[in-house]
Amino acid sequence: MFSSSSSSGRWSSSQSSFGSFGSSSSSSWGADGDQGQFNFDELNKKDAVLVLLDCGPRMFEQVELTAEEKELDVASTYFHQCVQALSDYVKRKIVMSRSDRLGIVLYNTRTSANPNGFHGVHVVAELGEYDTTHIKE
């Protein structure tokens with residue numbers, strides 16, 4: 001059982017229920033009287049990855065590539081190298097683990113597109129489950 005200490009506001013756990021992590025039983029936790037049920041085994045089977053990609057000016061500077069990198073068609077800016085790596089990662093992740101959650105956020109952008117109206121933040125993909133139909137997006 002997890003609970004919030006009213007005096008310090010910090011989370012604490014009791015010894016007896018702390019052992020339930022990784023077990024098939026459900027555990028409850030809450031703060032200020034709120035209770036929720038979670039199956040920790042199910043949580044352990046999913047990944048949640050939120051990718052943050054810097055879009056500042058330095059990410060678009062040209063990178064010196066070796067002859068081997070040029071032959072392998074490696075992108076010539078850090079931003080484009082990151083996008084290539086992210087694209088490969090997303091394809092593998094969607095095909096191999098459909099139940100995992102993924103989100104992509106660009107920051108240091110000229111425009112903003114996010115639910116909180118933060119300047120310079122563009123949410124490309126909300127944290128959620130995606131399938132092979134989303135790969136081209």
Side-chain angles (χ1 to χ4, degrees):
M1 175 78 70
F2 287 92
S3 62
S4 174
S5 168
S6 60
S7 62
S8 68
R10 295 185 179 182
W11 292 97
S12 63
S13 65
S14 67
Q15 182 69 24
S16 62
S17 60
F18 185 74
S20 67
F21 281 130
S23 71
S24 61
S25 64
S26 295
S27 296
S28 63
W29 66 277
D32 301 326
D34 293 335
Q35 292 291 317
Q37 294 293 324
F38 289 116
N39 181 335
F40 287 108
D41 280 343
E42 186 168 323
L43 288 176
N44 289 334
K45 293 177 185 174
K46 292 184 178 185
D47 285 340
V49 177
L50 181 61
V51 177
L52 302 174
L53 184 55
D54 187 2
C55 295
R58 298 191 86 191
M59 290 293 288
F60 293 92
E61 293 176 1
Q62 294 295 309
V63 177
E64 291 287 328
L65 300 176
T66 65
E68 183 181 353
E69 289 171 329
K70 289 178 184 176
E71 193 174 300
L72 293 172
D73 199 28
V74 173
S76 61
T77 69
Y78 292 120
F79 178 81
H80 290 97
Q81 288 177 358
C82 289
V83 169
Q84 282 179 339
L86 178 58
S87 175
D88 292 342
Y89 174 79
V90 168
K91 288 174 189 173
R92 278 194 315 272
K93 197 70 163 160
I94 287 175
V95 170
M96 297 184 70
S97 305
R98 289 189 179 146
S99 65
D100 289 348
R101 298 181 180 276
L102 176 71
I104 302 171
V105 177
L106 308 177
Y107 66 97
N108 283 334
T109 59
R110 292 183 192 150
T111 61
S112 301
N114 65 81
N116 297 314
F118 294 128
H119 176 73
V121 176
H122 185 95
V123 176
V124 176
E126 294 278 343
L127 189 61
E129 294 178 9
Y130 295 93
D131 59 25
T132 54
T133 61
H134 295 97
I135 288 178
K136 286 193 176 191
E137 294 176 16

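When reading the values below, keep in mind they use all heavy atoms of this one structure, side chains included, and skip hydrogens, waters and symmetry mates.
In terms of modelled atom types and a separation under 3.5 Å, the side chain of N116 and the main chain of F118 share no donor-acceptor contact. Checking side-chain atoms of S112 against main-chain N and O of G120 turns up a donor-acceptor pair under 3.5 Å.
Under a hydrophobic clustering in which Ile, Leu, Val, Met, Phe, Trp and Tyr are joined whenever their side-chain heavy atoms come within less than 4.5 Å, directly or via other members, V105 and Y78 fall into different clusters. Note: the hydrophobic cluster containing V83 also contains V90 (ILVMFWY, side chain heavy atoms under 4.5 Å, direct or indirect links). Put simply, Y107 and I104 are part of two different groups of oily side chains (I, L, V, M, F, W, Y) that touch within less than 4.5 Å, one to the next. Both F79 and V63 belong to a common hydrophobic cluster when Ile, Leu, Val, Met, Phe, Trp and Tyr are linked at side-chain heavy-atom distances under 4.5 angstrom.
Using a 4.5 Å cut-off on side-chain heavy atoms (C-beta onward), H122 and C55 make no contact. Side-chain atoms of N108 and R58, non-hydrogen and from C-beta on, never get closer than 4.5 Å to each other.
Minimum heavy-atom separation, L53 to M59: CD1-CE, 4.4 Å. When all heavy atoms of Y89 and V49 are compared, the closest pair comes out as OH-CG2, 3.3 Å. Residue T109 comes nearest to V121 through the heavy atom pair OG1-N, 3.6 Å, listed as atom of the first residue, atom of the second, then distance. Closest of all the heavy-atom pairs between V123 and P115 is CG2-CD, 4.3 Å.
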- request: Apply side chain to side chain contact (heavy atoms under 4.5 Å, CB included) to the pair K93 and L102, showing each step before the final yes or no.
  value: CA-CA 9 Å; K93 197 70 163 160; L102 176 71; 5.6 Å; no
- request: May I have the step-by-step check of side chain to side chain contact (heavy atoms under 4.5 Å, CB included) for T77 and Q62, ending in yes or no?
  value: CA-CA 5 Å; T77 69; Q62 294 295 309; 3.6 Å; yes
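Remark: E69 CD to S76 OG distance equals 11.0 Å, nearest 0.5 Å. With values rounded to the nearest 0.5 angstrom, R101 atom CZ is found 12.5 Å from L50 atom CG.
Taking a 6.0 Å sphere around CD of Q84, one finds it holds more than 12 heavy atoms contributed by other residues, nucleotides or ligands.
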